[in-house]
Protein chains: 2
Amino acid sequence: MAVARAAKTQRRTRIQEEKEERILDGALEVFSASGFRGTTIDQIAEATGMSKPNLLYYFRTKEAIYRRLLERMLFTWLEPLKAFDAEGDPQAEIRSYIRRKLEMSRDYPRESRLFANEMLQGAPHIGDELNGPLKQLVDEKADVIRAWIKAGKIARCDPYHLIFAIWSTTQHYADFDVQVRAVLGESRAGEGRFEDAARFLEQMFMRGLEIKGA
Amino acid sequence: MAVARAAKTQRRTRIQEEKEERILDGALEVFSASGFRGTTIDQIAEATGMSKPNLLYYFRTKEAIYRRLLERMLFTWLEPLKAFDAEGDPQAEIRSYIRRKLEMSRDYPRESRLFANEMLQGAPHIGDELNGPLKQLVDEKADVIRAWIKAGKIARCDPYHLIFAIWSTTQHYADFDVQVRAVLGESRAGEGRFEDAARFLEQMFMRGLEIKGA
DNA sequence: TGATAATTTGACCGGTTGGTAAAACATTAC
DNA sequence: GTAATGTTTTACCAACCGGTCAAATTATCA
């Protein structure tokens, strides 16, 4: 009766890897819709097709599952921002950042909603991440944007609010998906909405950041 | 032992009005942070300083409270969009819309989060409102924007995505408040952040919608 | 093959949840 | 003042919650 989660066992079984993945996938489904407090272990168990005790064999607590999901998500979520390159062409960098963020909203909407849920609740589980690594990363990229402004490559603006604007507009298509679909109606709610959004956002930000009279 | 909630009594007591208000206020506090599934009646009772059965004397169920909050919120939430005037100056109309939405994020952040929570969950309680009245209103205003474009008053763009962009950027300051504060840091996280945001957003949208070469 | 370790299950537990019943208490109208 | 009505409380319930336990089952490997 060895315990998979005990520190003793170093190597992970094939079954362990598979099941943990399945659990995380099912948990993401439920957590992203109902938040931490709003989801029950039974819901996750049902979503994965496992029994509750079996699920708790792989993750000691509900919170352990949630934390793992958040860790994972935060990492991939910040990837696009890290790619922001000071040496590159500002217009191209910003344009590709918008595009990548929009693709993430299209391809990983559940992760986006998980994050949004955590924010709405006041970030009780990742407050430290926000004040530490995230802030540091954003400060760094804000400097890059400021340098572009100083060099006369883009219009003068507040770099922090620019980043907020890109975040919010792109994530909106994942977090408020129901609303977007409802408003666009059946005819325009297909996958093409992401292309339309990309076109609009690129135009808006590009023009908004153009140097006047350039 | 008359029952306040019974259909019989037409007139509302002073006490009824006061208590109902208190309950809705406390409930908004909890629902907006934890969503419908995530909040308990006990939490609401504590937030209002009433006992649970007393609370259930005024609202039959948890859902009844939630629904009332949503109704109320939806109404005030759409007010700014209704004010959008086809006869007015496009630049001024859009500018003031941004400003009003931003003020709502500042003054009614809990309402914004309540709405966001409902959206994240897939709008199980107000799906009909979205597909009916909301869609209709947005369609109407999209026509107004299209007319401005046709008249050569603003740049060509997709009116729906323009509205989405205004919604998302402004509501971001309420829904992702923790993140905004964390990233801006202590020095800039004061109330002034809304002024900074307004300046940035107005500039971005105004330039983004300017007619090229005008 | 059999022993050993890994996995899965059913039964269970104390605490919480949404909600009820009835009686005690307060307010209002006459 | 008192009777009728409106409000609040105490005690309670069945279902659900996160999580444990020991036994049953399955996979691994010498």
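Please read all numbers here as calculations on a predicted model, not as lab measurements. The chains referred to below are lettered A, B, ... by the order of the sequence lines, with proteins before strands, and numbering in each begins at 1.
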Measure [atom1]/[X] against [atom2]/[N] and give the value in whole Å, please.
X: B/E17; N: D/dT7; atom1: CD; atom2: P; answer: 11 Å
X: B/F59; N: C/dT20; atom1: CZ; atom2: C1'; answer: 19 Å
X: B/Q43; N: C/dT17; atom1: CD; atom2: P; answer: 7 Å
X: A/I23; N: C/dT8; atom1: CD1; atom2: P; answer: 9 Å
X: A/L55; N: C/dG10; atom1: CG; atom2: P; answer: 15 Å
X: B/I65; N: C/dG18; atom1: CD1; atom2: C1'; answer: 11 Å
X: B/E18; N: D/dT7; atom1: CD; atom2: P; answer: 11 Å
X: A/I41; N: D/dT20; atom1: CD1; atom2: C1'; answer: 12 Å

Using OP1 and OP2 only, check whether a side-chain N or O of [X] sits under 4.0 Å from [N].
X: B/R37; N: D/dC17; result: yes
X: B/S51; N: D/dT8; result: no
X: A/Y58; N: C/dT8; result: yes
X: A/Y57; N: C/dT8; result: no
X: A/Q16; N: C/dT7; result: yes

Nucleotide nearest [X] (side chain, heavy atoms from C-beta), chosen from [options]:
X: A/T61; options: D/dG19, C/dG19, C/dT8; answer: D/dG19
X: A/L56; options: C/dG19, D/dT20, C/dT8; answer: D/dT20
X: A/N54; options: C/dT7, D/dT20, C/dT20; answer: C/dT7

Residue mapping more 5' on DNA chain C - nearest nucleotide basis, B/T39 or A/M50:
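First, find each residue's nearest nucleotide; the 5'-ward one identifies A/M50.
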
Do we get A/K82 above A/F75's six-membered ring, with its NZ or CZ under 6.0 Å from the centre and within 45° of the axis?
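Yes, a cation-pi geometry.
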
Presence of donor-acceptor pair under 3.5 Å, side chain of A/K62 and base of D/dG19:
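In this structure, the two groups form no donor-acceptor pair.
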
Of A/D42 and B/P53, whose closest DNA chain D nucleotide lies nearer the 5' terminus?
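Here B/P53 is the residue nearer the 5' end.
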
Rounded distance (nearest 0.5 Å) linking atom CZ of B/F36 with atom CD of B/E118
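One gets 9.5 Å once the value is rounded to the nearest 0.5 Å.
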
Take the angle between the ring planes of B/H125 and B/Y66 and call it parallel below 30°, perpendicular above 60°, tilted in between.
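Aromatic pair B/H125/B/Y66 classed perpendicular.
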
Please work out which of the three classes, parallel, tilted or perpendicular, describes the rings of A/Y173 and B/H161, given edges at 30° and 60°.
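B/H161 vs A/Y173 ring planes: tilted.
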
Sugar-phosphate only, base, or nothing, as touched by B/T40 at under 4.0 Å among non-hydrogen atoms
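It contacts sugar-phosphate atoms only.
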
Keeping A/E93 on the side-chain end and A/D85 on the backbone end, is there a donor-acceptor pair under 3.5 Å?
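Flag set: sc A/E93 to bb A/D85 pair under 3.5 Å.
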
